[in-house]
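To start, the structure itself, in structure tokens.
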Amino acid sequence: YGGLVARSCGLPSIATLHGTRARDYLTETDGVGRRLRLTSGMWVGDTLLTTRFVAVSKAVASAFLAHHPRAARRIVVIPNGVAVDAVVPPDAPPDADLRRELRIPDSAPVLVNVRRLVPEKDQVTLVPMMTEVLRSHPDAVLIVAGRGDEGRRIQDAVDRAGLGDAIHLLGLRTDVPALLHLADLVVVSSVSEGFSVAVLEAM
């Protein structure tokens, strides 16, 4: 719809490409899939209405162009960035009150995962990972901050493994910089990423 409005007003239409997974219409190979892709709004937008694509990394641009080579002259790479001033400075002490709120002992190693709870972020993998971590660091705690449709499945995996004391699913948080500042280790379990803002913030 944005592309249609832009075209009718004589304005450019810009689309951002965030991930390396191909858009669904690009991977349909059967006859029905080909017909569907020709009438899909995303295909129309990408092929006819988008003036410029902004990819967040070279890998994202390459993945898109592998299926959409005619867009080569319309794509530019602009890497993600973070608001550095919003991140807790590394010389500030971690928040002791936050540790108490999250029921984390002072000496416990803290692992942090900040992502949407969706299949491509694959937080379920972190449950058996923590089983391995606890063998050598029995007081370690994993904090998972974020929300999404996979939340129930992740919690079920935690419950089945009996790791409710070691893995804390916090849901949506507005204090991510403070959570990252507690971390001894930031863990990423994604099976697909473009250029992770969460990793940049952790760095």
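Just so it is clear, the structure is predicted and the values come from calculations on it, not from any experiment. For this chain, numbers begin at 1 and follow the sequence in order.
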Would you compute the distance between atom CD1 of Ile143 and atom CG of Leu182 and round it to the nearest 0.5 angstrom?
5.5 Å
Leu180 and Val112: CA distance, side-chain angles, deciding distance, side-chain contact (heavy atoms from CB on, under 4.5 Å) verdict
CA-CA 7 Å; Leu180 292 174; Val112 173; 4.1 Å; yes
Find the distance between CG (Leu163) and CE (Met130) and round it off to the nearest 0.5 Å.
7.0 Å
Let me check something: do Val176 and Val82 share a hydrophobic cluster, defined by ILVMFWY side-chain heavy atoms less than 4.5 Å apart, either directly or through other members?
no
Pair listing, salt bridge (charged side-chain N to carboxylate O under 4.0 Å, His left out) test, anchored in residues 157-181, at least two apart
Glu101-Arg173, Arg152-Asp159, Arg173-Asp175
More than 12 heavy atoms from other groups under 6.0 Å of CZ on Arg99
yes
Roughly how far apart are Phe53 CZ and Ile14 CD1, rounded to 0.5 Å?
11.0 Å
Taken in chain and number order and not counting sequence neighbours, the residues that satisfy side-chain contact (heavy atoms from CB on, under 4.5 Å) with Asn80 are Val56, Phe195, Val197, Leu200
Applying a strict under-4.5 Å side-chain criterion to I, L, V, M, F, W and Y, I'd like to know whether Leu134 and Leu126 cluster together.
yes
Side chains of Val186 and Val114, heavy atoms from C-beta outward: is any pair under 4.5 Å?
no
With clusters defined by side-chain heavy atoms of hydrophobic residues (ILVMFWY) lying less than 4.5 Å apart, directly or transitively, does Leu111 cluster with Ile104?
no
Quick check: is Val77 connected to Phe64 through a chain of hydrophobic side chains (ILVMFWY, heavy atoms under 4.5 Å apart)?
no
Minimum side-chain heavy-atom gap Leu179-Leu170 below 4.5 Å:
yes
Pairwise distance CD1(Ile154) to CD1(Ile167) - rounded to 0.5 angstrom:
9.5 Å
Please collect all side-chain hydrogen bond (donor to acceptor under 3.5 Å, both in side chains) contacts where either partner lies in residues 133-145, sequence neighbours excluded, each pair once.
Glu132-Arg135
Pairwise side-chain contact, Val141 with His168, heavy-atom cut-off 4.5 Å (strictly under)
yes
Joint cluster assignment, Leu142 & Val199, ILVMFWY side-chain distance < 4.5 Å
no
Closer than 3.5 angstrom, by distance alone: can the side chain of Asn113 be matched with the main-chain N or O of Val187 as a donor-acceptor pair?
yes
Please tabulate, for the side chains in residues 69-76, all donor-acceptor contacts under 3.5 angstrom to protein atoms that are two or more places apart in sequence or on a different chain.
unit_1, atom_1, unit_2, atom_2, d
Arg74, NH1, Asp46, O, 3.0
Arg74, NH1, Thr50, O, 2.5
Arg74, NH2, Asp46, O, 3.0

The remaining residues in the hydrophobic cluster of Val191, counting side-chain heavy-atom contacts under 4.5 Å among Ile, Leu, Val, Met, Phe, Trp and Tyr, are none
Between Ser13 (side chain) and Thr51 (backbone), is there a donor-acceptor pair under 3.5 Å?
no
Across all chains, not counting sequence neighbours, the salt bridge (charged side-chain N to carboxylate O under 4.0 Å, His left out) partners of Asp149 are none
For Leu117 versus Gly146, what's the shortest heavy-atom pair and its separation?
CD1-O, 3.4 Å
Which residue pairs pass the salt bridge (charged side-chain N to carboxylate O under 4.0 Å, His left out) test when at least one of the two sits in residues 108-119, sequence neighbours left out?
Arg115-Glu193, Arg116-Glu120
Once salt bridge (charged side-chain N to carboxylate O under 4.0 Å, His left out) is applied, do any residues pair with Asp184, and if so which ones, sequence neighbours excluded?
none
Who passes side-chain hydrogen bond (donor to acceptor under 3.5 Å, both in side chains) against Ser192, sequence neighbours left out?
Thr20
Who else is in Val118's hydrophobic cluster (ILVMFWY, side-chain heavy atoms under 4.5 Å, direct or via others)?
none
For a 4.5 angstrom cut-off between non-hydrogen side-chain atoms, does Glu150 reach Pro119?
yes
Write down the atom of Ala166, the atom of Ala140, and the distance for their closest heavy-atom approach.
CB-O, 4.0 Å
Once salt bridge (charged side-chain N to carboxylate O under 4.0 Å, His left out) is applied, what residue pairs with a partner in residues 3-15 remain, sequence neighbours excluded?
none
Could you tell me which residues satisfy side-chain contact (heavy atoms from CB on, under 4.5 Å) with Ser62, sequence neighbours excluded, listed by chain and number?
none
